[in-house]
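See structure below.
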Amino acid sequence: MSIITRDELINAYKDEVNLLEMNQYRSSNVITLNIGTVSEFIKLAKELKINHVYYNYLYYSIDNYLIPLDTYDEFSDEINIEVKKHNELIDSLDFSKPKQLTLLIVLNGTIMEITLNHFWIKEIGISDNETKHSEIQDKFFKDFKLQQEETSKNEHDDKNRLKEYILSDNEFSYMKNQRLRQDYLCDLLSKDKFEKFNYLFEGDFDRGISIPIKHYMDRIWQEYKEIRKK
């Protein structure tokens, strides 16, 4: 059942009680009443001679449902059409409709409340953006598999290109510990020519050392030492 809007609430009951909007509250002394309508709750407040009725609304956020149009730029037109249709559907919805209304009164230090819910987006079967991402990946599995394979191949090729340069650089021979090798690569990646390789080393740090850089440079250092033995 739909929930009365804020304007409707105020217009309907402003002459009967003093309605006060609240953001949040905390109390261990709360009684949740088995009352299913606003009118019944207002009636109870009046019977108890309580003039102040507090209310709070919750709404769905459109940001949790829209998918940025550039999310799947590198994928097929079919996927982007799917995203466009989803966003058009989301744009057609009225996000001013509340999904929850809490009303409360205070009697002798005890909070008496009711909460009315109307999860209207769930009722009409609309997916949020995270769920829609999963649905798209399931529906277009082959597209995503091909994209992952291509991304993996590009990463492999880029790592090899960068490695070839490092092994040919005489300065690298002086990078005899992990800290020096990290500093060396960080300096290299800050140069215009090598900035494009930064994406290869996104990840966590351990005691100030980038884990992806550590593993990558340790492997190159080992390869460098094997080459020197020949």
Side-chain angles (χ1 to χ4, degrees), residues 1-73 75-107 109-141 144:
M1 186 173 68
S2 62
I3 295 174
I4 186 173
T5 67
R6 182 178 181 277
D7 289 343
E8 290 169 344
L9 176 70
I10 292 171
N11 290 333
Y13 299 105
K14 63 183 178 182
D15 296 328
E16 299 186 45
V17 293
N18 185 19
L19 290 162
L20 300 170
E21 189 168 16
M22 60 179 177
N23 288 325
Q24 59 182 355
Y25 65 93
R26 293 180 183 175
S27 176
S28 59
N29 198 12
V30 178
I31 297 174
T32 300
L33 302 175
N34 187 24
I35 292 177
T37 66
V38 173
S39 59
E40 289 180 85
F41 189 81
I42 298 297
K43 180 182 177 183
L44 174 65
K46 293 173 67 177
E47 288 174 352
L48 295 173
K49 301 187 185 313
I50 297 174
N51 189 44
H52 297 301
V53 176
Y54 301 87
Y55 69 93
N56 174 259
Y57 280 98
L58 291 180
Y59 302 87
Y60 289 104
S61 170
I62 193 172
D63 292 337
N64 292 332
Y65 289 85
L66 287 174
I67 298 176
L69 291 176
D70 60 354
T71 302
Y72 298 108
D73 276 354
F75 290 84
S76 67
D77 289 342
E78 270 190 293
I79 293 179
N80 285 283
I81 290 170
E82 184 91 3
V83 170
K84 185 178 179 182
K85 286 180 178 178
H86 170 80
N87 284 346
E88 287 174 350
L89 176 58
I90 298 304
D91 282 330
S92 72
L93 301 177
D94 180 9
F95 281 86
S96 68
K97 290 169 60 176
K99 70 173 181 178
Q100 186 178 92
L101 167 61
T102 298
L103 295 169
L104 68 82
I105 53 178
V106 181
L107 178 65
T110 298
I111 292 175
M112 305 170 71
E113 68 166 14
I114 65 168
T115 297
L116 306 176
N117 295 309
H118 181 210
F119 301 119
W120 55 273
I121 285 187
K122 185 177 181 180
E123 288 178 5
I124 58 179
I126 303 296
S127 302
D128 61 25
N129 46 28
E130 288 189 6
T131 303
K132 190 63 181 179
H133 282 309
S134 297
E135 291 172 355
I136 288 173
Q137 289 181 22
D138 290 341
K139 184 175 180 179
F140 299 97
F141 174 77
F144 280 90

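Computed from heavy atoms alone, side chains included, the values below leave out hydrogens, waters and symmetry copies.
T102 and N56 share no donor-acceptor pair across their side chains, judged by distance under 3.5 Å alone. Looking at D7 and T5, their side chains never bring a donor and an acceptor atom within 3.5 Å of each other. Between the side chains of S134 and Q137, no donor-acceptor pair is found at a separation under 3.5 Å.
Salt bridge K43/E16: absent, no basic N to carboxylate O contact under 4.0 Å.
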Could you walk me through whether N29 and I111 pass the side-chain contact (heavy atoms from CB on, under 4.5 Å) check? CA-CA 6 Å; N29 198 12; I111 292 175; over 6 Å; no
What verdict does the side-chain contact (heavy atoms from CB on, under 4.5 Å) test give for I105 and F41, after you've listed the backbone C-alpha separation in whole Å, the side-chain angles of each residue and the deciding distance to 0.1 Å? CA-CA 9 Å; I105 53 178; F41 189 81; 3.8 Å; yes
side-chain contact (heavy atoms from CB on, under 4.5 Å), that's the test. Do K85 and I81 meet it? Break it down for me. CA-CA 6 Å; K85 286 180 178 178; I81 290 170; 3.8 Å; yes
Decide yes or no on side-chain contact (heavy atoms from CB on, under 4.5 Å) for N129 and T131, but give the supporting numbers first. CA-CA 5 Å; N129 46 28; T131 303; over 6 Å; no
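Contact annotation: the side chain of L93 approaches that of I124 to within less than 4.5 Å [non-hydrogen atoms, C-beta and beyond]. Annotation: side chain of I62 is in contact with side chain of D91 (closest heavy-atom distance under 4.5 Å). I31 has its side chain within reach of T110: a pair of non-hydrogen atoms, C-beta onward, lies under 4.5 Å apart. Counting only heavy atoms from C-beta outward, the side chains of V106 and I50 never approach each other to under 4.5 Å. Within the 4.5 Å cutoff, the side chain of L101 has heavy atoms near those of the V38 side chain. In this structure the side chain of E135 never reaches within 4.5 angstrom of the side chain of D138, judged on heavy atoms. In this structure, V53 and L20 have side chains that are not in contact, with every pair of non-hydrogen atoms separated by 4.5 Å or more. The side-chain heavy atoms of I136 and K132, taken from C-beta on, include a pair separated by under 4.5 Å.
A cation-pi arrangement, defined by a distance under 6.0 Å to the six-membered ring centre and an angle within 45 degrees of its axis, is present between K99 and Y60.
Under the rule for a side-chain hydrogen bond (donor to acceptor under 3.5 Å, both in side chains), K97 has no partner lying at least two apart in sequence or in another chain. Among residues two or more places apart in sequence or in another chain, the side-chain hydrogen bond (donor to acceptor under 3.5 Å, both in side chains) test is passed with D15 by none.
Contact detail for L44 and I35: the closest heavy-atom pair is CD2-CD1, 3.9 Å. Taking each heavy atom of L19 and L9 in turn, the nearest pair found is CD1-O, 3.7 Å.
Taking the six-membered ring where tryptophan is involved, the planes of F95 and W120 are perpendicular, since the angle between them exceeds 60° and thus also 30°. Under the 30°/60° scheme for interplanar angles, the aromatic rings of Y55 and Y57 are found to stand perpendicular.
Listed for the N87 side chain is a donor-acceptor partner under 3.5 Å among the backbone atoms of I67. Between the side chain of N51 and the main chain of V17, no donor-acceptor pair closer than 3.5 Å is present. A donor-acceptor pair under 3.5 Å is absent between the side-chain atoms of H133 and the main chain of D128, judged by distance alone. No donor-acceptor pair under 3.5 Å is formed between the side chain of E82 and the backbone N or O of I79.
Separating the OG1 atom in T115 from the CG atom in L103 is a distance of 8.0 Å, to the nearest 0.5 Å. Rounding to the nearest 0.5 Å gives a distance of 6.0 Å between CE of M112 and CG of L107. The line from CZ of F119 to CD1 of I3 is 8.0 Å long, rounded to the nearest 0.5 Å. Atoms CG and CZ, on N11 and R6 in that order, are 10.0 Å from each other to the nearest 0.5 Å.
Counting heavy-atom neighbours within 6.0 Å of E21 CD, excluding the residue itself, gives a total above 12.
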